[in-house]
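See structure below.
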Amino acid sequence: MTKAEIFDKIADIIADRFEADRDTINEQLNFKQDLDADSIDFVEFVLELEDTFGAEISDEDAEKLNTIGEVVDYIDAHQNQEK
């Protein structure tokens, strides 16, 4: 899966879960600052990412993910390790 495909899937999840305008979602979007995501919102989002991409994201790694771009890079790096 390419980074563009990963981004599109993540953007769709964010648009649905956070009721964000899909056209405004970009890689610099910050979960806490731009989406007002609290810790519960973020945990649910991470669980949905794990289900969608079949990857496990540790709590320690999840704490480091602040922007959409960081999540895309994380998913991309971990899917390539599994191949």
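Model, not experiment: these values are computed from the prediction.
The backbone N or O of Lys9 sits nowhere less than 3.5 Å from a side-chain atom of Asp12 that would complete a donor-acceptor pair. Between the side chain of Glu50 and the backbone N or O of Ile57 there is at least one donor-acceptor pair closer than 3.5 Å. Using a distance-only test at 3.5 Å, with no hydrogens or angles considered, a donor-acceptor pair links the side chain of Gln79 to the main chain of Met1.
Within the 4.5 Å cutoff, no side-chain heavy atoms of Leu29 are placed close to those of Thr67. Looking at heavy atoms from C-beta onward, Phe53 lies out of side-chain contact with Val71 at the 4.5 angstrom threshold.
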Worksheet item: Going through the checks in order, is the salt bridge (Lys or Arg N to Asp or Glu O under 4.0 Å) test met by Asp16 and Arg22?
Response: CA-CA 9 Å; Asp16 184 50; Arg22 176 66 171 83; over 6 Å; no
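For the pair Asp41 and Lys32, the salt-bridge criterion is not met [side-chain N within less than 4.0 Å of a carboxylate O]. Using a 4.0 Å cut-off between charged nitrogen and carboxylate oxygen, Lys64 and Glu70 do not count as a salt-bridge pair.
Screening residues 56-77 for ring pair (Phe, Tyr, Trp, His ring centres under 6.0 Å) gives Tyr74-His78 as the qualifying pairs, with residues at least two apart or on separate chains.
Rounded to the nearest 0.5 angstrom, Ile14 CD1 and Ile68 CD1 are separated by 2.5 Å.
With sequence neighbours excluded, the residues that form a salt bridge (Lys or Arg N to Asp or Glu O under 4.0 Å) with Asp73 are Lys3. Applying the salt bridge (Lys or Arg N to Asp or Glu O under 4.0 Å) rule to Glu63 yields no partners; only residues at least two apart in sequence or on another chain are considered.
Residue Asp59 qualifies as open at atom CG: its count of foreign heavy atoms under 6.0 Å is 12 or below.
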